[in-house]
Amino acid sequence: MNVKEAISARRAVRTYTGEKVDEATVRSLLRAAVQAPSAMNRQPWLFSIIQDASQLARYSERAKAMVLDQMAGDPKTAHYQEMLKSPTFDIFYRAGTLVVIGSSERGPYTDADCWLAAENLMLAACEAGLGSCCIGFAISLLNTPEAKAELGLPPAGIAVAPIIVGYPTAEPSPPVPRSEPKIVSWSGSRAAG
Ligand SMILES: Cc1cc2nc3c(=O)[nH]c(=O)nc-3n(C[C@H](O)[C@H](O)[C@H](O)COP(=O)(O)O)c2cc1C
């Protein structure tokens, strides 16, 4: 799989067998993650790996309550509120592994650095035949003092990019359509392609 193939093949996977990704594979995904560019080459990322099913279930329940509170009264999120209210909805889709990419402190580029690492990780997972998905619903919960302590992050640290990884139960769903790039300016004379 070349880079363009991996970019096109990666999809948000939301059904998993629950089987954990083995340690060697997790480490190879992290090696791909740290090849990402970072501002001033600070490489600020720290990784927390969660493969404890009961911890993931506990985080899911608490995150659902937090996100529901944040969404309360917003009709634009009605569909998500319904989903989050369901007792059977697991924000981690029963994936066996959650990788949280965070940092010991927040700098102006920390979020960008961590999300770039996250994309590398997801592309490497795709190449390895694994599914992955960003879980934004988990971010508030993962930044509570209790969760940060469990993740091994210092009190001033931040959890930026929660990514689930695991073995998909089904063929990937068809690509979510993308709009054509909206070019709003292009100065200078264009080179013929
Ligand atoms: C920052 C971020 C947060 C996301 N949070 C969630 C989430 O909490 N739950 C979820 O199922 N998908 C989440 N997604 C996945 C998007 O819904 C998905 O990437 C998008 O619909 C496009 O689909 P594709 O990744 O299959 O191309 C998130 C994606 C990003 C980039």
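Values in this document were obtained by computation on a predicted structure and should not be read as measured data. Counting convention: from 1, in listed order, for ligands and their atoms alike.
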At a 4.0 Å threshold, what atoms of ligand 1 neighbour a non-hydrogen atom of [X]?
X: Arg14; result: 10 (C), 11 (O), 12 (N), 15 (C), 16 (C), 17 (O), 18 (C)
X: Val176; result: 23 (O), 26 (O)
X: Trp115; result: 1 (C)
X: Arg10; result: 24 (P), 25 (O), 27 (O)
X: Tyr93; result: 9 (N), 10 (C), 11 (O)

| message | Filter on salt bridge (charged side-chain N to carboxylate O under 4.0 Å, His left out), then keep only pairs touching residues 22-39, sequence neighbours left out; what's left? | response |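 Every salt bridge (charged side-chain N to carboxylate O under 4.0 Å, His left out) pair that includes a residue of residues 22-39, provided the two are not neighbours, is Glu23-Arg27.
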| message | Considering only residues two or more places apart or on different chains, which pairs with a residue in residues 168-187 satisfy salt bridge (charged side-chain N to carboxylate O under 4.0 Å, His left out)? | response |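 The answer is none; no pair qualifies.
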| At their closest point, which heavy atom of Trp115 faces which heavy atom of Ile139, and how far apart are they? |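 Heavy atoms only, the tightest pair is CZ2-CD1, 4.2 Å.
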| query | Cut-off 3.5 Å, side chains only: do Thr110 and Glu105 have a donor facing an acceptor? | reply |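 No.
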| said: Less than 3.5 Å apart, any donor N or O on the side chain of Ser38 or Gln43 sitting next to an acceptor on the other? | reply: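 Gln43 and Ser38 do not have a side-chain donor-acceptor pair below 3.5 Å.
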| query | When you look at CZ of Phe89, are more than 12 heavy atoms from neighbouring residues, nucleotides or ligands closer to it than 6.0 Å? | reply |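 Yes, the 6.0 Å shell around CZ holds more than 12 heavy atoms from other groups.
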| field | Any donor-acceptor N/O pair, Lys64 side chain to Ser86 backbone, under 3.5 Å | value |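 Yes; at least one donor-acceptor contact below 3.5 Å.
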| Would you call Arg94-Glu19 a salt bridge at under 4.0 Å N-O? |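 Salt bridge between Arg94 and Glu19, a charged N being under 4.0 Å from a carboxylate O: no.
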Identity and separation of the nearest protein heavy atom to [atom]:
atom: atom 22 (C) of ligand 1; answer: Arg178 NH1, 3.8 Å
atom: atom 24 (P) of ligand 1; answer: Ala12 N, 3.6 Å
atom: atom 13 (C) of ligand 1; answer: Cys134 O, 3.0 Å

| Tyr93, Ile50: one ILVMFWY side-chain cluster at the under-4.5 Å cut-off? |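 Yes; Ile50 is reachable from Tyr93 via cluster members.
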| Is ligand 1 under 4.0 Å from a heavy atom in the side chain of Met122, in the backbone, in both, or in neither? |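 Met122 to ligand 1: no contact under 4.0 Å from either part.
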| Cys133, portion touching ligand 1 at heavy-atom distance under 4.0 Å |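 Only the side chain of Cys133 comes within reach of ligand 1.
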| Heavy atom of protein inside 4.0 Å of atom 16 (C) of ligand 1, strictly below |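 Yes, there is a protein heavy atom closer to it than 4.0 Å.
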| query | Heavy atoms only: which of Ala138, Gly136, Pro177 is nearest to atom 8 (O) of ligand 1? | reply |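 Ranked by closest heavy atom to atom 8 (O) of ligand 1, first place is Gly136.
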| query | Does Ile135, backbone or side chain, put an N or O under 3.5 Å from an N or O of ligand 1? | reply |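 By distance alone, the answer is no.
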